[in-house]
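For reference, the structure discussed in these notes is given below.
Only heavy atoms go into these numbers, but all of them, side chains included; no hydrogens, no water, no symmetry mates.
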Amino acid sequence: MLLLAGQMLPCSLAPAGDGLQRVRQRGKLIWGADQEGGGPFVFPSAEDPLKLQGFEVELAQVLAEALGVQPQFQQGQWDKLPDLLDRGDIDVVLNGYEWTADRARRYGATIPYYIYELQLLARTGDQTLQSWEDLAHPPDGIKKRVAVLGGSAANDYLERFYGDSVEIVSFDGVSDAMRAVELNVDGIDANLQDLPIWNFYEPGFPQLTAVGAPVGRGFYVALVRNDDQELLQALNQAILQALQDGRLRHILARYRMWNDMQMLRGLELAPQGDFVGMPEPGELGLSDSPEDEETYAAVRGAHVLWQRGGLLVRAAGMTVLLAVCAMPLAILVGLSMALLRRYGPWFLAAPATAYVELIRGTPLVLQLYVLFFLLPEIGMTVNAFWAAVAGLAINYSAYEAEIYRAGLQAIPRGQMEAALALGFSRSQALRRIIIPQATRLVIPPVTNDFIALFKDTAVCSVITVVELSKEYYIQARSTGAIVELGLLTAVLYLAMSYPLSLVAASLERRLIPEDRA
Amino acid sequence: MIALQNIVKRYGQTDVLKGVSFTVAKGEVCVLLGPSGGGKSTLLRTINGLETFSSGEIHVDDIRLPAEQQPGRDAALVRIRCRVGMVFQQFNLFPHKTVLQNVTEAPCQVLRLPYDMARQRAMALLERVGMGHKCDAYPGSLSGGQQQRVAIARALAMNPEAILFDEPTSALDPRMTAEVTSVMADLARDGQTMIVVTHGIGFARNIAHQVHILHAGMIAESGPPSQIFENPQTAVTREFLADVRQA
C-alpha cells in the first residue's frame, strides 16, 4: 500500500516563470503520455513490463539530455494529456499528437518529430477491398465498415473524403481496431491506421494487409504550455540537433518508422542556417541494422500471467485503496445529508437535498474532471489520488444519502418517542437508537454500492490514476493477451467484491438480533 | 404533583382538546377513559411533550411546561422527561439492544449512572416484573406481554415520580393483558403515581383512585371508580359504559 502511495502524483504547484528554468531547477523533464496507446509510442517492454519502451521514450531521453536534465514519465489518459499540461503536472506532451491549427493556437507546438501517413488495412484475401476505389465504390455494393481511433487524424480524414461511402466505427485503442478487422468483429472490414503503428504491429497481425497507398500526411509534434516559449525553443533545438546528428533517424529506424517521407526533414534549416541534411546514424556509432529493430511482440498464454500478473495485482491494490478510502467518507457524508434532510431545519435540509440531486444527477467522470482539472484554475491543486478519493466519495455520498434516508424512514416513530420519553436528547436518540437501527437496515444496499464503487474506480484513469482496469488495458494492449489478462482481471475484481459480500452478510447476521433467542 | 390547566390543542380548524384541567396527586392512580377519538392519548402525550398544545400549561412538581413555541418549553421538557416515564401501546423497545441493555440504556446515557449500578438496578427491576430470566434476550424473541413488562421496567429504571401508560394492554391478548395488569396493580400498591389511558374497564374499576371520562376533547365527568361505575352523573358516561358493556 505504501509503495502504491509513493506512486501517486506529487502535489504540483501552478507553474510560474518559464518552463525551461523550472525544468532545469528540477533537473527533470516531466513528459506525459499514455502507455495504453501502446507501440511504437510508449508501452511496457515485452521482456520487462516494468520498463517503458517506445520511440517516444527514447526521444524523451534525447530531449532531456539536450536540456541537461533527466526525463521523467507521467502516465495520463491520452485525450486528457493537454489538461495535465494546463494543470502543471507535466512539462511536455509527447505522445503522437498530430499538429492541428487548433492545437497550435492553444499550446506551444514544437517542430515535428515525425511525419506520419495513414494506411488503409484490410483482411488478407478480402476480394472486395483491394484499393481506395473499393472503399468509395464497393464492388459488392455493401458499404464498408471502417474502424478508426476516435478523434484521430484518421477519423477526420475518412469523414472528410469518404464520409458518404463508408461507415465509421470509433475505437479507443489502436490495436483493438486492427484486431477487430482481423476477427471481422461487428462486420468491420477495414482500419485506417497511422502508418508507423502499422509498421510496428505488422508482425503481430498476419491476417491484415496494407491496401492502397498511404494518404493524409501529417506531423507528430510535442506540446508545451503557451507561456513556456523558452522551453519550446530549447525543445525545437534539441529535435533539430537529433535530426542533424542522426539520432532521430536511428530511433525511428529501430521502431521500423523510418521511411522516405522522413527524408524530407533533411531540407529543414538547422540553427546555423544551413540545411539539416541527412547524416547517417553510423557517424554516431549507431547502426540501422535490422537486429536492433523493435517490433510488436505478443506475449501470450500462461507466461503473460506470470510476467504481468504482478502488475495487475499491484494495480488491484490501488483499486482497493481508492475504494476503502472513498467508501467510509461517502457513508459519513451520505448519513449526514440524510439526517439533515430528515431531521434538520429547512435551511439545512434544502441545501442537503440540492446537494444530493446535483451530485446524483451528474456523471462521476465529470465530477472527477472538475476536481482535478478545474479546481487548479481557481488556485486549488489536489493530487490525483486524493482527487480520485474525493470524487468517488462525493459521488457515492449522494447515493448513500438516499439509502440512509430510506433506512431512517423505515424506523418506526415510536423508537424516537420512546427515546425522548426516557430523557434522551434528540441527537442522543439519533446516535444511540435510530442510526444503529437504520445502519443495520442499509447494510445490503450499502454493500451493493461498495461493490459498485470497486468497479467505478476504473473511471479514475481519466485523472491519471492507474488502477486495475487501466493497468489491464495497458498490459492487454501491449501484449495482445486480451483474454488471459482479462480473465485474471475479472478474477481480481471478484476476489475484491466477493469477500465484501461475505463480510456484509456476517455483519448483517450479527446486527440483526431478532433471530436470536 | 401533576396539574393540567386548561389544555387546548388545535389542528387547523379542529379543536382536539378544548380546555382540559385536572390534577394528579402523588401516589394517585389516575385513569383516562372514554370513547375512541376523545383525545385521551393526545392529552396523555402532552404531559411529556410528545404532543404539543396550543394554550394552557402543565405543572409537574415545580416545573412549568408552557404551550408550544413559548419560551422555556424545551428546558422544561428535559426536566419533565427525567421525572415522568412512559409506557407505549406498541412497547417500543429498542430491537437492537438486549432486554438488559434496554433497561440500562437511559440510566447510563441520561442519568450518567455507572454501568454496574445501572445493571444491578435493572436486574432488580426485571426480577420485579418477572423478566429477569430473559435479560440477555432481544425484544424480537419475546411475546407482547413480556415486551410490555420489560418496557415497564425500562420506565421504572429512571426512578420516575410518575409513569404515563398509553393503552398498555391494547395490543395484547387477554392472557398477556393479565400479566401486564398484574404488574401495574403491583406498582399501584407500592404507591407509584400513574396516569393510565386504557380501554380496560376492569383495571379502572379495581385499581384506579380517580377516573376521568374524556369525550370530544373535554372532561365529561371525574370521580372515583365507585361514582363513575355505580352512579354515573352524566349522559356521556352512561352512554360510554353502556357501549362498553354491550361490546
Side-chain angles (χ1 to χ4, degrees), chain A residues 331 335 338-339 342-348 403-404 406-447 503-517, chain B residues 41 44-45 47-51 74-75 77-99 101-112 133-134 136-142 146-147 150-151 154-160 163-166 171:
Chain A
I331 292 174
L335 173 59
L339 287 172
R342 185 155 168 76
Y343 298 104
W346 68 268
F347 57 86
L348 291 178
I403 289 174
Y404 252 109
L408 292 170
Q409 268 165 3
I411 306 303
R413 273 173 66 95
Q415 290 292 312
M416 177 57 103
E417 290 184 349
L420 291 178
L422 282 166
F424 281 79
S425 67
R426 233 175 147 69
S427 72
Q428 249 179 338
L430 286 175
R431 218 168 47 241
R432 304 282 308 178
I433 307 301
I434 307 298
I435 293 172
Q437 292 186 59
T439 299
R440 160 192 113 179
L441 283 179
V442 303
I443 287 173
V446 168
T447 306
V503 169
S506 88
L507 203 62
E508 220 178 316
R509 268 197 305 278
R510 209 159 57 81
L511 289 178
I512 298 189
E514 268 89 329
D515 305 336
R516 289 197 291 175
Chain B
S41 281
L44 186 76
R45 289 157 58 90
I47 298 172
N48 68 347
L50 294 185
E51 296 279 353
D74 289 347
L77 274 179
V78 171
R79 295 177 63 201
I80 287 177
R81 284 169 177 166
C82 289
R83 294 194 197 190
V84 178
M86 187 159 192
V87 173
F88 299 84
Q89 179 179 356
Q90 295 298 336
F91 332 129
N92 295 348
L93 291 180
F94 305 134
H96 60 304
K97 296 192 176 292
T98 63
V99 163
Q101 286 166 346
N102 263 276
V103 183
T104 56
E105 181 72 12
C108 288
Q109 294 298 319
V110 179
L111 302 180
R112 300 279 164 206
H133 62 297
K134 288 284 191 185
D136 290 327
Y138 283 90
S141 66
L142 302 181
Q146 289 175 320
Q147 289 193 51
V150 173
R154 180 174 72 174
L156 287 170
M158 291 294 282
N159 213 3
I163 303 181
L164 313 175
F165 289 85
D166 188 5

Can you tell which of [options] has the highest number of heavy-atom pairs within less than 4.5 Å of chain A?
| options | answer |
| --- | --- |
| B:Met158, B:Glu105, B:Gln90 | B:Glu105 |
| B:Met86, B:Arg154, B:Gln89 | B:Arg154 |
| B:Leu77, B:Asn48, B:Leu93, B:Leu142 | B:Leu93 |

Part of B:Phe88 lying under 4.5 Å from any heavy atom of chain A: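 Just its side chain gets close to chain A.
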
Contact class of B:Val84 relative to chain A, heavy atoms under 4.5 angstrom: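 Only the backbone of B:Val84 comes within 4.5 Å of chain A.
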
Validation row: B:Pro95, A:Arg440 side chains within 4.5 angstrom (heavy atoms):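 Yes, side chains in contact.
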
Student check: side-chain heavy atoms of A:Leu422 and B:Val110 closer than 4.5 Å: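 Heavy-atom side-chain distance check fails, nothing below 4.5 Å.
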
Minimal non-hydrogen separation, A:Ala418 against B:Phe94, with atom names: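 Of all heavy-atom pairs spanning A:Ala418 and B:Phe94, the closest is CB-CE2, 4.1 Å.
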
Minimum heavy-atom distance A:Ile433-B:Lys97, with the two atoms named: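 Of all heavy-atom pairs spanning A:Ile433 and B:Lys97, the closest is CD1-CE, 4.3 Å.
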
B:Asn92 side chain vs A:Gly414 backbone, donor-acceptor pair below 3.5 Å: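 Yes: the side chain of B:Asn92 pairs with the backbone of A:Gly414.
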
Atom pair CD1/NE2 of A:Ile435 and B:His96 - distance to nearest 0.5 Å: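 Separation between the atoms: 10.5 Å.
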
Top contributor to chain B interface from A:Arg413, A:Met416, A:Gln415 [non-hydrogen pairs under 4.5 Å]: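 Max contact count across the listed options: A:Gln415.
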
Per-residue contact mode, A:Gln428 against chain B (heavy atom under 4.5 angstrom):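 Side chain only.
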
